[in-house]
S.K.: 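Below you will find the structure I want to go over with you.
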Amino acid sequence: MVVRGIYVLAGLFFMALASCASLSEDTCRAGDWEAIGFEDGTRGQGPDQIFRHARACNDFGIAPNKTLWEAGRVEGLKLYCTPRNAYEEGADGDRLRPVCPVDDRPRLLVENDRGLMWYRIGRDIDETESQIRQISATLRDMAADDPARARLINARLRLRLEVSRLRAKRLRYRY
């Protein structure tokens with residue numbers, strides 16, 4: 001029984017290790033390194049990503065073509081390093097990766113910060129609306145003559161006003 005458990009754990013370990021590979025065997029064998037680099041560039045991957053691909057493909061006896069990969073990555077970065085994408089990264093709650101040309105970074109970071117504000121205010125709205133739902137559920141279960149009802153109704157009203165204020169503020173950060 002213990003031996004079987006060890007085999008199960010070892011199998012799970014190797015499955016987890018395999019899922020960490022950056023590329024599948026089919027992708028390594030196809031060897032379209034420029035396309036792989038392009039995709040990595042559009043996702044803001046840095047130059048060290050090629051080493052993760054090399055480790056993944058090494059298991060299949062394949063070495064990446066770094067020159068083609070880097071050419072593709074540079075082209076992909078042109079899509080990643082745009083004001084719109086910098087904003088979208090922030091709106092998803094992510095900071096822009098430091099892979100864009102130095103001259104473009106200040107403008108891109110401004111857009112990324114705008115997106116991050118949009119994200120944070122949206123998160124605050126969600127949290128406030130959750131509090132409103134909790135108060136409403138409490139009020140449904142509460143007796144109509146309970147003296148705490150008025151306090152909860154007042155708190156819910158203040159929270160609804162806060163949601164309105166946050167929504168108005170959030171509009172300033174819309175792209």
S.K.: Give a yes or no on whether the backbone of Ile132 and the side-chain of Ser136 come within a donor-acceptor separation of less than 3.5 Å.
M.R.: yes
S.K.: Of all heavy-atom pairs between Arg149 and Ala143, which one has the smallest distance, and what is that distance?
M.R.: CD-O, 3.3 Å
S.K.: Roughly how far, to the nearest 0.5 Å, is the NZ atom of Lys78 from the OG1 atom of Thr82?
M.R.: 13.0 Å
S.K.: Apply the test side-chain contact (heavy atoms from CB on, under 4.5 Å) to residues Lys66 and Trp33: give CA-CA distance (whole Å), side-chain angles for both, the deciding distance (0.1 Å), then the verdict.
M.R.: CA-CA 8 Å; Lys66 185 176 182 188; Trp33 292 105; over 6 Å; no
S.K.: I'd like to know if Val163 and Leu159 are part of one continuous hydrophobic network [Ile/Leu/Val/Met/Phe/Trp/Tyr, side-chain heavy atoms within less than 4.5 Å].
M.R.: yes
S.K.: Should Arg165 and Leu161 count as side-chain neighbours, where that means a heavy-atom distance under 4.5 Å?
M.R.: no
S.K.: Less than 6.0 angstrom from the centroid, inside 45 degrees of the normal: does Arg170 satisfy that with respect to the ring of Trp118?
M.R.: yes
S.K.: Quick one: does Glu25's side chain get under 4.5 Å of Cys28's, heavy atoms only?
M.R.: no
S.K.: Report the C-alpha separation of Arg84 and Glu88 in whole Å, then their side-chain angles, then the decisive distance to 0.1 Å, and conclude whether the salt bridge (charged side-chain N to carboxylate O under 4.0 Å, His left out) test is met.
M.R.: CA-CA 6 Å; Arg84 178 66 185 212; Glu88 292 296 333; 3.1 Å; yes
S.K.: Which heavy atom of Tyr80 sits nearest a heavy atom of Arg97, and at what distance?
M.R.: OH-N, 2.9 Å
S.K.: What orientation do His53 and Trp69 show, parallel under 30°, tilted 30 to 60°, or perpendicular over 60°?
M.R.: perpendicular
S.K.: Which distance, rounded to the nearest 0.5 Å, do you find between the OG1 of Thr128 and the CD of Glu162?
M.R.: 5.5 Å
S.K.: Between Asn65 and Thr67, is there a donor-acceptor pair closer than 3.5 Å when you use the side chain of the first and the backbone of the second?
M.R.: yes
S.K.: Which heavy atom of Ile50 sits nearest a heavy atom of Pro47, and at what distance?
M.R.: CG2-O, 3.3 Å
S.K.: Ion pair present between Glu39 and Arg43, side-chain N to carboxylate O less than 4.0 angstrom?
M.R.: yes
S.K.: Can you tell me how far OG of Ser130 sits from CD1 of Ile125, rounded to the nearest 0.5 angstrom?
M.R.: 13.5 Å
S.K.: In the single-linkage hydrophobic clustering (I, L, V, M, F, W, Y; side-chain heavy atoms under 4.5 Å), do Leu68 and Ile36 co-cluster?
M.R.: yes
S.K.: Between Asp113 and Arg95, does at least one N-O distance fall below 4.0 Å, as a salt bridge requires?
M.R.: yes
S.K.: Please determine whether a side-chain nitrogen of the Lys or Arg among Arg107 and Glu111 lies less than 4.0 Å from a carboxylate oxygen of the Asp or Glu.
M.R.: no
S.K.: Where do Tyr87 and Asn112 land on the side-chain contact (heavy atoms from CB on, under 4.5 Å) test, with the steps shown first?
M.R.: CA-CA 4 Å; Tyr87 174 85; Asn112 187 241; over 6 Å; no
S.K.: Looking only at heavy atoms, what is the nearest atom pair of Glu89 and Leu96, with distance?
M.R.: CG-CD1, 4.3 Å
S.K.: Output yes when a side-chain donor or acceptor of Thr27 lies under 3.5 Å from a complementary backbone atom of Leu23, and no otherwise.
M.R.: no
S.K.: Does the side chain of Phe60 reach to within under 4.5 Å of the side chain of Arg29, using non-hydrogen atoms?
M.R.: yes
S.K.: Could you check if a side-chain atom of Arg156 sits within less than 4.5 angstrom of a side-chain atom of Leu152, using non-hydrogen atoms only?
M.R.: no
S.K.: Please report the interatomic distance OG(Ser164) to NZ(Lys169), rounded to the nearest 0.5 Å.
M.R.: 14.5 Å
S.K.: Salt bridge between Asp48 and Arg52, side-chain N to carboxylate O under 4.0 Å?
M.R.: yes
S.K.: Does the side chain of Cys81 come within less than 4.5 Å of Leu108's, by heavy atoms?
M.R.: yes
S.K.: Using the rule that Ile, Leu, Val, Met, Phe, Trp and Tyr join whenever any side-chain heavy atoms are under 4.5 Å apart, tell me whether Ile135 and Ile153 fall into a single cluster.
M.R.: yes
S.K.: Ignoring hydrogens, what is the shortest heavy-atom contact between Leu166 and Ile121? Give both atom names and the distance.
M.R.: O-CG2, 3.4 Å
S.K.: Salt bridge or not between Glu129 and Arg167? Use side-chain N to carboxylate O under 4.0 Å.
M.R.: yes
S.K.: Where the side chain of Arg114 meets the backbone of Arg174, is there a donor-acceptor pair that is under 3.5 Å apart?
M.R.: yes
S.K.: Please report the closest heavy-atom contact between Met117 and Tyr173, naming both atoms and the distance.
M.R.: CB-CD2, 3.6 Å
